[in-house]
Structure formats: C-alpha cells, structure tokens
Amino acid sequence: MEPLLLPLQGEASGWPLHVSDGLGDAERSEEGEGCPVFLTANWRLRPGTPAYERLGGRRAGREAYALLMRSAPVELLGKGDLELMPGLKGFRQEYVDHLEFRLDKDSARSARRLLLRAARALCFLEATGLHPVEPTRERLRALDLPSGFRRLSWGVLLEERATGRWVVFLEPLLGPATGRRSGAWAWLDKSGLEVVELAWEGLRAATASVPLLAGRDGAFLASVASVVSGLGPRVSIDDWRYPTALYADDFVSPSRGATGKGRAPRPLGFLLEQKRS
C-alpha cells in the first residue's frame, strides 16, 4: 500500500506515512485517524573506509522513518520493553511519538535498515497485541522453560496482558551445512515446545533466518501465527523516500514541537555501535 501524505508540522512536513498493519481499512482511509510515530537514527562513516575517504560525499547524517499506527508506542511498550524486543533494542522513547536510536550507525544504509526493522517490530506488536516480558530465572522456571534463553540474541518471550498467555518468538539462522546449527535450535529441542514456522519475512535482515513461534498452547500459537501471516511485506530499503538530515540536528517530533519545549541531546551521541550479526 502506498504511504499516506498527512499535514504534519515542523521538519516532518510533507513526509510520507507508512501505514501499520494494525490500522483497519476504514481507519486507513480517514485523514486524522491513527497516531504518527517517528523513528530516527544517526550515522557516521568509520574513518579509513573507502566511503569516508571519498571526496565530496557526506560523512554523517540523521535518518528518519514515519509510521502511522493505531496508538503511540507508549501504549504498546512498558518501561524496559524496548531492550527486550528484537528490532527495538538500542532505541529510547524520546517523546510519545518518537523513538530514537541511542548510538550511531556506520552508514546511511545501515541506519535505514535499522529503522525499517524497528517499524516491523512495532507493527508485529501492534497487530498481535503481545508485549515482551523479562525472561527472569523465576519466570522461566515457572513456565518450565530451559535456561540460556537470554543468550539467544533474536529471541523474546511475549505475553498477552489480558490473559497471561505466552509465546516465544525466535528468528535463528539456518546453518549452511545441516540447516540447523544455531543455539536457538538446541534451546528449542530442550524446551519441548510446539513450534510453528511463520509465513512472514521476519525482523532479521539475513535471508538465511527463519521466524518461529513456540509455546504449549497450540490454539493460541495458531491464532498468533494467523495474525502474523497477515502482516504486509517488508518495505525495500531501495524505496527510501525520506531526506537525510544534518547529523547535529536532533529530531523534534510534531507532538514535542507543539508543546514549545526543547529536547535534550541523545545521551550516547557520538558513540558508534559495535558491529554484530
């Protein structure tokens, strides 16, 4: 679906809003429905790289992405939830309508990829109604789940607030030789959980990963999997439609701008994120 163009204020004026899968068709068609949410990430080229040494090119900047959701992220995510959810780790709630990545990425393309992944994570949470919960030792023991879950970098324990029903989301890599070589597969084997492979592209950028849901309530698993299968296709990074802003200009969202109050700078600005898978 084509992004919407709504009358936004400030820097975001004229920006396209990608509609989340959580908004119904009627809501999508009515101007003023939904909550615009803005995701931003700064980037700096690493000194010594060919791109950095190239004359005439930009060496730093800020990328932004706009998403029209049913509700603001604060209604989906509790305190600390951002650090638990794959795709949202490293972000902070700068304002009610603005999530900001704390560190610097090492290129504009990696910053854009990060923002697209974060938008997909938000759409997943909004559509399913689930929220991430801390996999404490006590909680894992109560759910009769094996230890070692915290070491799974693309895994999260998700819960339905109203009922307490839960599922595990994992997106492990498929090994090139045997097909199943990552630690997530070994953890699943020990858990004895029922596993469903999702008909969805997932959050991870890697093409050799597979998004999974696992749990003990087969009916709940099937229900969540059905919702996830209805999520839209991944937005291509090659279709990026947002301008690159100056690195030093911190983004002010329309909601913050309307208050007339200034904002504090990023708390971890000027620190490059370490490379990871």
Side-chain angles (χ1 to χ4, degrees), residues 1-41 62-79 81-82 85-88 91-101 111-132 158 160-162 169 200-203 223-224 226-237 239-243 245 250-261 263:
M1 177 176 290
E2 279 295 303
L4 298 178
L5 292 174
L6 297 182
L8 302 173
Q9 301 300 314
E11 182 184 335
S13 176
W15 283 8
L17 280 163
H18 288 81
V19 182
S20 82
D21 300 284
L23 281 174
D25 291 336
E27 295 171 301
R28 294 169 192 252
S29 64
E30 294 182 20
E31 185 175 303
E33 292 292 335
C35 176
V37 176
F38 302 89
L39 309 169
T40 63
R62 170 172 52 75
E63 305 298 324
Y65 186 83
L67 183 67
L68 187 66
M69 301 184 67
R70 189 170 58 235
S71 55
V74 290
E75 297 181 36
L76 294 175
L77 298 155
K79 186 176 181 180
D81 286 355
L82 286 169
M85 183 65 192
L88 295 176
F91 281 87
R92 73 180 188 112
Q93 184 89 46
E94 190 280 321
Y95 204 65
V96 291
D97 59 342
H98 178 209
L99 296 183
E100 178 179 69
F101 195 63
R112 293 170 182 176
R113 186 181 298 114
L114 173 89
L115 298 180
L116 290 174
R117 184 184 293 160
R120 285 182 68 74
L122 288 174
C123 289
F124 174 93
L125 294 174
E126 181 177 62
T128 61
L130 302 174
H131 75 106
L158 298 162
E160 190 176 55
R161 282 191 174 93
F169 173 82
W200 182 53
E201 293 173 304
L203 299 173
S223 173
V224 175
S226 176
V227 171
V228 175
S229 68
L231 295 176
R234 189 190 302 271
V235 176
S236 172
I237 195 171
D239 295 331
W240 193 261
R241 297 174 60 178
Y242 300 94
D250 287 328
F251 179 75
V252 176
S253 68
S255 290
R256 177 180 279 284
T259 68
K261 298 178 181 178
R263 54 153 294 174

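Just the heavy atoms: all of them, side chains too, but no hydrogens, waters or symmetry mates, feed the values below. All residue numbers in this chain count up from 1 along the given sequence.
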> Hey, does Thr40 have a side-chain heavy atom less than 4.5 Å from the side chain of Phe101?
Replying inline: no

>> Testing the basics here: between Leu67 and Ala119, what is the closest heavy-atom pair and its distance to 0.1 Å?
In response: CD2-O, 4.1 Å

>> Do Leu122 and Leu77 make a side-chain contact, defined as non-hydrogen atoms from C-beta onward lying under 4.5 Å apart?
In response: yes

>> On a heavy-atom basis, which atom in Ala121 and which in Leu88 lie closest, and how many Å separate them?
In response: CB-CG, 3.8 Å

> Is the shortest heavy-atom distance from the side chain of Pro132 to the side chain of Leu125 under 4.5 Å?
Replying inline: yes

> Short question: side chain of Arg263, backbone of Val252 - any donor-acceptor pair under 3.5 Å?
Replying inline: no

>> Within the structure provided, determine whether Leu116 and Arg234 are in side-chain contact (heavy-atom separation under 4.5 Å).
In response: no

> Arg117 side chain to Leu203 main-chain N or O, any donor-acceptor pair under 3.5 Å?
Replying inline: yes

> Using 30° and 60° as the class limits, which term best fits the ring planes of Phe251 and His98: parallel, tilted or perpendicular?
Replying inline: perpendicular

>> If you define the side chain from C-beta out and look only at heavy atoms, does anything of Phe91 sit under 4.5 Å from Leu115?
In response: yes

>> Under the criterion ring pair (Phe, Tyr, Trp, His ring centres under 6.0 Å), I'd like the reasoning laid out for Tyr65 against Tyr242: C-alpha separation, chi angles, the key distance, then a yes or no.
In response: CA-CA 7 Å; Tyr65 186 83; Tyr242 300 94; 5.5 Å; yes

> Is there a donor-acceptor contact under 3.5 Å from the side chain of Ser229 to the main chain of Ser226?
Replying inline: yes

> Sub-3.5 Å donor-acceptor pair from the side chain of Arg120 to the main-chain atoms of Gly202, do we have one?
Replying inline: yes

>> Is the shortest side-chain heavy-atom distance between Leu76 and Asp81 below 4.5 Å?
In response: no

>> With rounding to the nearest 0.5 angstrom, report the SG to NE2 distance, Cys123 to His18.
In response: 10.5 Å

> Is a side-chain N or O of Asp97 found less than 3.5 angstrom from the main chain of Ser255, in a donor-acceptor match?
Replying inline: yes

> If you take all heavy atoms of Val37 and Ser71, which pair is closest and at what distance?
Replying inline: CG2-O, 4.5 Å

> Would a distance-only check, ignoring hydrogens and angles, find a side-chain to backbone donor-acceptor pair under 3.5 Å from Arg70 to Glu126?
Replying inline: yes

>> Can you tell whether the side chains of Arg256 and Glu94 come within less than 4.0 Å, N to carboxylate O?
In response: yes

>> Using the ring centroid of each side chain, check whether Tyr95 and Phe38 are separated by less than 6.0 Å.
In response: no

> Nearest heavy-atom pair of Phe124 and Val228: which atoms, and what distance?
Replying inline: CE1-CG2, 3.6 Å

> Once you round to the nearest 0.5 Å, how far does CD of Glu63 lie from CG of Leu114?
Replying inline: 11.0 Å

> Which atom pair, heavy atoms only, marks the closest approach of Leu158 to Met85?
Replying inline: CD2-SD, 4.2 Å

